[in-house]
Visitor: 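Have a look at this one.
Here is how names work: the chains are called A, B, and so on, in the same order as the sequence lines, proteins then strands, and each is numbered from 1.
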Amino acid sequence: MLAVLAAVMVLIALLPARPRSATDPALRVSPVDWEAVRDDPRRTLVISWMGIPAYPEARAGSWIQQRLEEHFNVRLRPIFLDWNAYAQRRPLLFCAGEVPDVIWDGDPIGVRNNLRHGFIMEIPHEVILRHAPTYVRLLNRCGKEGWLYSQYRGRNYGVPTFFEGAIRPRISCWRMDWLRRVGITRVPETLAEMHEALRRLRYDDPDGNGRQDTYGWSPNISHWSVMFAEVFAAHDILPFDLMLRDGRVVWGGIQPEARQALALLRQWYAEGLLDPDFVLDSRQNSGQAKFLAGRLGYLYQVNEFDSYDLHNPASLYSRLRAFDPQAELAPAPPLRNAAGVRRGRTWGSAGHVLQFGRHLEGEPEKVVRVLSMLEAITCDETLYLEAQWGRRGRHWEYTPERGRYLLPPLDADKRLRAEELLDGNIFFYPCTLDFTYLGRYQMRAAVEFRDTYRRPEWSMQNVLGKSDVVPAAERYLEDLRRWQTTFYVEVVTGRRELEEFTAFVAAWRSRGGDLLLAEANAMYAELQAIWRRLGVTPEGAP
Amino acid sequence: MAVPVLLYFLIFHYAPMVGLVIAFKDYVMSAGLFGSAWVGVENFARLFGSPDFPRALRNTLTISLLRLTFGFCAPLILALLLNELRVSFYKRAIQTLTYLPHFFSWVILGGVFLMVFSGSGPVNAFVKLLGAKPIPFLTDGAWFIAVLVATGIWQSAGYGAVIYLAALAGINPDLYEAAAMDGANRWQQTWTITLPSLVPTMVTLFILSLGGILTAGFDQIYNLYNPMVYDVADIIDTYVLRRMIGLDLGLATAAGMFKSVVSLVLVVGANALARRISRGEQGVW
């Protein structure tokens with residue numbers, strides 16, 4: 001039996017093989033003559049639309065859906081997936097022949113997967129520019145790196161989305177009552193001040209219980225984007241991102257400043273200032289629980305005003321007060337670097353990608369209709385607000401003191417809200433226009449909070465938006481990130497010597513890093529070319 | 001009567017094997033199984049060519065062999081102990097308690113064990129009470145493997161014991177009566193009657209266990225591992241999962257086929273060995 005099996009395998013293996021590149025769908029030429037495509041707005045189009053709604057309970061036929069259907073003379077067929085299952089369920093649906101007209105995708109790798117498996121069509125930049133010029137202008141102004149997310153080998157396969165306001169850095173918070181108790185009167189602003197605060201929170205009994213049972217910080221390493229991010233940012237480094245140095249794209253994690261940051265973290269760990277359980281805390285996501293339980297005095301990535309709002313019983317501050325009525329929570333803007341400038345990581349405004357099923361090559365007017373929808377919603381404040389939140393006066397109201405608030409019965413009925421796709425829904429128009437429109441409907445206190453603690457000029461972001469846009473990322477990036485994470489943790493906890501950093505850099509390069517960087521530099525040049533073609537100026541838009 | 005069973009195996013076990021050709025193809029979903037291009041053994045070359053694969057294979061074998069070494073006897077010992085209990089209520093309660101963990105997902109158990117074995121967890125609190133330093137159960141490679149094997153045994157021993165209990169129930173009670181009349185004590189009865197009677201079951205289970213030698217327990221490892229132990233805990237399944245980020249089904253199928261072929265060789269080999277040693281009396285077939 002084994003011999004038969006072996007013989008069959010050898011026979012199959014010897015079948016004439018084609019090189020993988022010969023089957024690359026990117027070499028296929030689109031049959032659509034876009035110049036000849038005409039969309040008659042009087043004709044009702046049925047458009048299936050796959051994405052992830054804000055609520056798992058979302059239902060087809062919502063108020064927002066009906067509003068858009070009426071306005072654009074379309075019949076929308078939403079296909080709701082959820083964050084946990086979409087990566088698994090979507091390929092199954094596609095394999096079963098259920099490829100929708102519009103496909104939302106979160107990552108550039110998802111776009112390439114859809115392309116490789118022959119599910120999506122090419123859509124030239126010029127077509128998007130022709131039918132959605134205002135949309136493109138806003139994208140160029142705030143999320144212009146997004147053009148790479150839909151790009152593959154010089155061709156475009158989707159419409160990038162954007163979140164205007166996502167240019168603010170992440171921030172942290174401190175237990176201010178603890179800091180005062182150990183003789184510190186303001187939140188730390190520099191690495192030296194943070195070091196001193198962590199030392200006192202560990203050794204000076206900030207909770208006054210007579211036991212040495214508190215730590216300042218249990219670093220969250222559950223995701224590369226948050227791992228020691230505030231300390232690296234204060235060294236002007238994004239350790240897991242592509243950065244621009246002297247006109248070249250480089251990997252932040254192998255720069256000399258990364259080594260300096262590691263040396264500092266290693267020293268802090270050796271001094272006992274970091275919770276030794278931080279690796280497991282990250283695995284269980286229990287850092288916040290420890291903070292609430294009075295074990296930690298510092299927490300990273302507490303970004304929104306909502307977390308500090310004592311009027312909101314679900315806020316972090318309110319929950320902290322439930323544990324300790326004397327607790328005081330203080331937001332901390334990003335730490336200052338050696339030059340005294342605050343620095344903090346942000347994802348940036350470039351968002352995700354809307355793609356079109358390849359079968360629309362036979363119905364390209366649907367693509368034009370969707371582009372027209374994006375353009376119209378972008379240009380019309382009322383329509384935009386209704387596509388996001390529903391109708392003012394019927395679903396919501398606004399005052400500067402309260403911000404936007406839901407009207408009865410929606411304010412108390414989560415299910416109804418979900419079924420109507422209300423309350424910040426971004427399903428059919430997956431962008432947020434924070435500066436253009438939404439800023440007018442925010443609570444005054446929340447606006448002041450952002451302008452005080454999360455100023456855009458402090459932000460650092462990946463030069464290509466997301467490293468995943470680089471083709472070699474599929475093969476190497478996940479392993480490299482994982483390997484780098486282990487190396488960093490081992491250096492910080494003293495399991496490896498800091499001197500091994502040089503060998504780490506050499507190995508990082510040889511294990512696919514050099515190829516990644518070569519492609520990243522080529523992609524950066526390609527991005528410049530796209531920007532020139534689409535009229536992007538250094539300020540962002542024409 | 002056998003037709004539904006045959007149909008079941010045909011439809012759900014044999015027909016899907018056609019999908020193994022994906023391992024030799026540049027599989028494109030829209031082109032389908034037969035429309036995708038042949039790429040020969042390229043997927044296998046990519047699988048074995050990565051610098052991380054030898055480590056993943058080594059870790060898989062290490063963890064599996066340790067599980068087999070320490071985990072194989074555990075259900076047997078538990079079944080023998082349960083078999084000695086005479087108070088039926090107590091016996092049933094213990095049996096239920098020991099096989100209950102089998103039904104818990106590792107998503108839940110992972111969270112529990114992360115808490116139990118963390119530096120500030122109850123086990124280390126006890127260690128500290130004894131005046132010792134906390135033990136890095138989950139962040140040191142050797143300790144992590146020990147925890148994997150021990151918690152794996154804890155989870156599966158009770159369920160595995162059910163098979164031995166069934167085999168024990170099939171032993172002729174006359175044998176024990178005759179032994180007792182000859183003056184054999186409990187230990188001698190176990191050694192000379194119970195264990196020899198269980199040998200066929202043990203051989204069958206051992207051969208079947210060898211079939212899973214390249215399956216080191218993805219659920220358990222995925223829910224327990226962390227950056228400090230990637231070096232010892234990265235197994236073939238976690239390695240393939242990382243490759244799947246690009247929906248690389250050709251490579252995933254190649255990995256699955258590699259595991260299946262190795263398992264088949266081991267099962268067939270072990271069965272042949274068992275038959276040869278027992279002169280044709282033991283073995284699965």
Visitor: Which atoms form the tightest heavy-atom contact between S30(B) and G118(A), and what is the distance?
Guide: OG-CA, 3.4 Å
Visitor: Chain B: which of F487(A), F119(A), Y488(A), W483(A) shares the most heavy-atom pairs with it under 4.5 Å?
Guide: F119(A)
Visitor: Please name the pair of heavy atoms, one in M228(B) and one in V279(A), separated by the smallest distance, quoted to 0.1 Å.
Guide: CG-CG2, 3.8 Å
Visitor: Please classify the contact between L20(B) and chain A as side chain, backbone, both or neither, with a heavy-atom cut-off of under 4.5 Å.
Guide: neither
Visitor: Taking the side chain as every heavy atom from C-beta outward, state whether R495(A) and T139(B) have any atom pair closer than 4.5 Å.
Guide: yes
Visitor: Is the count of non-hydrogen atoms from other residues, nucleotides or ligands lying under 6.0 Å from F48(B) atom CZ greater than 12?
Guide: yes
Visitor: Determine which pairs satisfy side chain to side chain donor-acceptor pair (under 3.5 Å) with at least one residue from residues 257-275 of chain B, sequence neighbours left out, and list them in order.
Guide: D237(B)-K259(B)
Visitor: Could you tell me the separation between the CG atom of D248(B) and the CZ atom of R116(A), rounded to the nearest 0.5 Å?
Guide: 6.5 Å
Visitor: Considering residues, nucleotides and ligands other than W154(B), do more than 12 of their heavy atoms fall under 6.0 Å from its CH2?
Guide: yes
Visitor: Do R511(A) and D52(B) come within less than 4.5 Å of each other through their side chains, counting heavy atoms only?
Guide: yes
Visitor: More than 12 heavy atoms of other residues, nucleotides or ligands under 6.0 Å from CZ of F126(B): yes or no?
Guide: no
Visitor: Using modelled atom types only, decide if a donor and an acceptor are shared between the side chain of T486(A) and the backbone of P227(B) within a distance under 3.5 Å.
Guide: yes
Visitor: Salt bridge check, R482(A) against D234(B): does any charged N sit closer than 4.0 Å to a carboxylate O?
Guide: yes
Visitor: Is it the backbone or the side chain of P276(A) that comes under 4.5 Å from a heavy atom of chain B, or both, or neither?
Guide: neither
Visitor: In Å, rounded to the nearest 0.5 Å, how long is the span from OG of S50(B) to OH of Y476(A)?
Guide: 9.0 Å
Visitor: Looking at G97(A), S222(A), P91(A), G512(A), which one has more heavy-atom pairs under 4.5 Å with chain B than the rest?
Guide: P91(A)
Visitor: Name, in order of residue number, those residues of residues 108-117 of chain B that have a heavy atom at a distance of less than 4.5 Å from a heavy atom in chain A; otherwise write 'none'.
Guide: G111(B), L114(B), M115(B)
Visitor: Does atom OH of Y222(B) have more than 12 heavy-atom neighbours from other groups under 6.0 Å away?
Guide: no
Visitor: Side chain of D277(A), backbone of S120(B): donor and acceptor closer than 3.5 Å?
Guide: yes
